[in-house]
Amino acid sequence: MSNPNSVVTDLLTAFPQWRSQMYFKSSLTALSHAMEDQVLAGDEQPLIIASFQKERFYRQEAHRYQRIGRISPHVYVLAAPETEFSSISDVYEKIAFTPEDELIHEWHLVVIAKHYANCLICREKTHHPKTQASEIAMDNSRRFEGIWTFDRTVSQKSAVILLKRIVNYRPELKGKIDEALELYCSDIDNITSTPLEFSSSSNPDPFVQRLVTYLQAGQYKLIKANRFLSVKEKKERLLNSITEAIRRSLDPDQILQVAVDKLGEGLDVCRCLIYRCQETDLNAEIQHEFLNGKIKSIKGKSWPVKANPLFEEVLTLRESLSIDDVSIDPRIQNNKSLLSQLVNSCSIISWLIVPILYQGKLLGMMELHHCDSMPVTWKPEDIALVDAIATQVGVALIQAESYANLEDLNEQLEALDRTRSNLVAITGHELRTPLSTIQVCLESLANEPDMSPELRQVMLSTALEDAERMRKLVQDFLTLSRLESGTVEWNPEPLSLQECVDLSLSHIRSRQDQSNIPSINNFILDSMVLVEADGEWLVEVLSKLLDNACKFTDKKGQIIIQVEEKNPSQLKVMVSDNGRGIEPEKLKQVFDRFYQEEGALRRSAGGTGLGLAICRQIVKNWGGEIWAESQGKNKGSQFYFTIPKYTQKSTSNSNNTKKNRRSSSQQNLR
Ligand code: ADP
């Protein structure tokens with residue numbers, strides 16, 4: 001039943017000398033209302049055929065057809081049903097056509113009366129996709145092509161074409177339609193020879209012609225204005241969304257990636273780049289890139305800056321530089337060594353370079369490339385938009401930088417605070433005790449000349465011992481403070497674990513009487529066991545653990561040093577003894593600053609109470625862990641720490657880490 005033919009095409013085939021014309025939807029609405037009003041105002045019973053694309057368009061006019069239907073028995077209304085429209089004989093005849101019928105793309109109105117006839121036979125042109133904001137504007141700018149005329153023959157032919165379609169859908173109306181054809185179309189002349197000029201009887205009011213022209217012109221202006229507004233609105237929305245997104249982050253990388261993505265997408269360029277650079281840089285690394293389609297990526301590449309005349313020009317002018325067509329730009333064509341090569345290797349056709357400045361200081365550059373075959377003219381409003389975004393990015397970068405500085409400052413303050421509390425603790429508890437002893441000893445020596453030489457010796461030795469304890473305490477305290485405040489320069493390198501253990505053992509042996517220390521069994525004999533650490537600090541950890549093991553183990557006891565693989569990238573080193581042991585609830589506490597089981601005043605083994613806190617800081621630095629295990633009092637203790645194994649890869653990583661680390665003056669451990 002549905003008809004794949006267009007009524008417009010059928011009509012133009014019948015009248016090859018007629019040309020179709022373009023009409024906006026609003027013009028067709030005005031024309032069809034005028035045609036319907038003519039029927040309503042007259043006293044004739046004309047033939048009226050109205051074909052709506054969809055039921056919803058019909059519904060807007062249904063009230064008019066209720067009135068028109070009462071004027072004439074020959075009123076036919078066609079529409080593609082959406083909800084309740086159906087083929088039925090009502091006040092007028094309704095014909096529901098199928099969605100496959102070409103009528104769905106067309107808008108027709110035919111009126112044939114005794115003294116006048118006119119028709120509007122149009123087909124919708126495929127129109128632009130709708131955007132949410134401009135949907136109404138776009139609806140009014142829908143375009144149709146076809147014929148609107150007062151010509152009776154053309155109107156009659158249109159009626160014949162449409163009535164035939166109606167019979168197809170509603171065969172029961174055949175008799176009525178034959179009657180309509182007889183009544184309104186029987187005098188149809190030799191249709192192909194119909195002249196284009198209007199006959200005097202059908203000459204419409206020239207006012208109507210002018211009305212149409214005026215309507216069309218007005219519609220054109222409206223569409224142009226709408227288009228301008230919608231482009232402006234789109235750009236404003238883009239700027240707002242970029243500003244909002246970049247202001248939400250304090251991470252410079254995220255800010256730049258959001259900006260590059262949104263800008264590239266919003267302006268529909270082939271490639272959008274952002275790179276950070278300073279005026280004096282030779283090259284910059286392309287860190288952020290947006291690509292549209294199959295464009296070659298240059299992310300991570302080094303981009304010439306200093307030797308690039310375009311970059312220099314942007315810097316001098318302090319503003320953006322646009323090149324519509326690189327193939328005719330003398331700056332590029334005359335610079336074969338660099339610019340022509342860049343253009344070719346990156347397939348740049350049109351180029352826009354915009355500086356990211358903050359208070360005149362260069363923070364980076366934004367570049368937009370068109371790489372399609374045709375050059376693009378950079379519109380001033382697009383350049384202004386990119387400029388505005390570059391300003392926002394500049395502000396956001398400075399904000400992020402200030403925030404990072406603030407965080408750094410906070411960290412330093414926290415470290416200072418830790419040092420301060422350490423200092424309070426050390427002077428309050430730890431230094432006062434040996435100092436008082438020294439003072440008592442020296443006072444006794446000074447005030448009691450009769451003191452026996454043996455007692456003098458005891459007094460002097462005690463004072464010296466406590467002075468040494470104070471020296472160690474101050475030294476450990478300073479080491480811990482430096483470790484906690486992050487001012488230590490680390491130099492990780494591949495090391496033989498065995499050599500480091502040997503070095504620590506020789507420290508211990510040189511300091512203590514061999515007969516007073518337990519036997520030490522070192523099972524790390526393979527010099528090929530390589531670790532990745534700073535040697536000085538590794539020896540420090542081993543020495544402190546061994547020192548403790550000796551201190552808290554009877555000289556008849558035994559100390560064992562062992563290593564095993566914890567996982568493919570880490571080793572687990574153990575220093576174990578069968579000495580005094582640690583209560584299970586104290587296993588974590590021993591790593592706290594100034595923790596000593598007996599308390600500072602009753603210490604028997606000497607020591608500062610800072611050794612394990614220092615070890616924990618050192619191990620933390622190489623990303624390891626340190627912990628103690630013990631079965632309890634007098635059951636011995638095992639101290640473990642993990643350390644990265646040396647691999648080829650870890651060297652290159654550590655070199656990078658080394659480079660990035662904050663440098664400070666070289667510190668000596670002892
Ligand atoms: P200290 O200078 O007192 O040794 P550390 O921080 O090195 O300070 O150790 C803190 C405390 O942990 C020690 O005073 C001791 O009570 C306990 N400790 C450390 N190592 C051992 C060990 N091998 N056996 C038993 N207790 C230990």
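Only this structure's heavy atoms are used, side chains among them; waters, hydrogens and symmetry mates stay out. In each ligand, atom 1 is the first atom listed, and ligand 1 is the first ligand listed. Heads up: numbering here begins at 1 and tracks the sequence.
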Which segment of Lys544 sits under 4.0 Å of ligand 1 when only heavy atoms are counted: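 Neither; no heavy atom under 4.0 Å.
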What part of Phe639 sits under 4.0 Å from ligand 1 if we count only heavy atoms: the side chain, the backbone, both or neither?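 Side chain only; the backbone of Phe639 stays clear of ligand 1.
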Salt bridge check, [Y] against [X]: does any charged N sit closer than 4.0 Å to a carboxylate O?
X      : Y      : result
Lys544 : Asp476 : yes
Glu401 : Arg276 : yes
Lys306 : Glu279 : no
Glu484 : Arg593 : yes

Quick one: does Ala613 get an N or O within less than 3.5 Å of an N or O on ligand 1?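 There is no such contact.
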Mind checking whether Ile582 has an N or O less than 3.5 Å away from an N or O of ligand 1?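 It does not: no N or O of Ile582 is found under 3.5 Å from an N or O of ligand 1.
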Strictly under 4.0 Å, does any heavy atom of Gly581 approach an atom of ligand 1?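 Yes, Gly581 has a heavy atom closer than 4.0 Å to ligand 1.
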So is Gly579 in contact with ligand 1, going by heavy-atom distances below 4.0 Å?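 Gly579: no contact with ligand 1 (<4.0 Å).
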Does a donor on one side chain and an acceptor on the other come within less than 3.5 Å for Asn567 and Ser569?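 Distance-only check passes for Asn567 and Ser569.
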When the side chains of residues 457-465 are checked against the rest of the protein, which donor-acceptor pairs come out under 3.5 Å, sequence neighbours left out?
unit_1	atom_1	unit_2	atom_2	d
Ser461	OG	Gln457	O	2.8
Thr462	OG1	Val458	O	2.6

Kindly identify the option in [options] whose heavy atom sits closest to [atom].
atom                    : options                        : value
atom 19 (C) of ligand 1 : Val590, Asn548, Val575         : Asn548
atom 23 (N) of ligand 1 : Asp577, Asn634, Asp592, Asn578 : Asp577
atom 8 (O) of ligand 1  : Gly609, Ser576, Ala549         : Gly609

Going by ring pair (Phe, Tyr, Trp, His ring centres under 6.0 Å), name the residues that satisfy it together with Tyr640, two or more places apart in sequence or in a different chain.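 Only Trp627 meet the ring pair (Phe, Tyr, Trp, His ring centres under 6.0 Å) criterion with Tyr640.
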Please list, in number order, the atoms of ligand 1 under 4.0 Å from a heavy atom of [X].
X      : result
Lys551 : 1 (P), 2 (O), 4 (O)
Leu612 : 5 (P), 6 (O), 7 (O), 9 (O), 12 (O), 19 (C)
Arg580 : 15 (C), 16 (O)

Please report the C-alpha distance between Arg616 and Glu625 in whole Å, then the side-chain angles of each, then the deciding distance to 0.1 Å, and finally whether the salt bridge (Lys or Arg N to Asp or Glu O under 4.0 Å) criterion is met. CA-CA 8 Å; Arg616 185 175 55 182; Glu625 285 173 282; over 6 Å; no
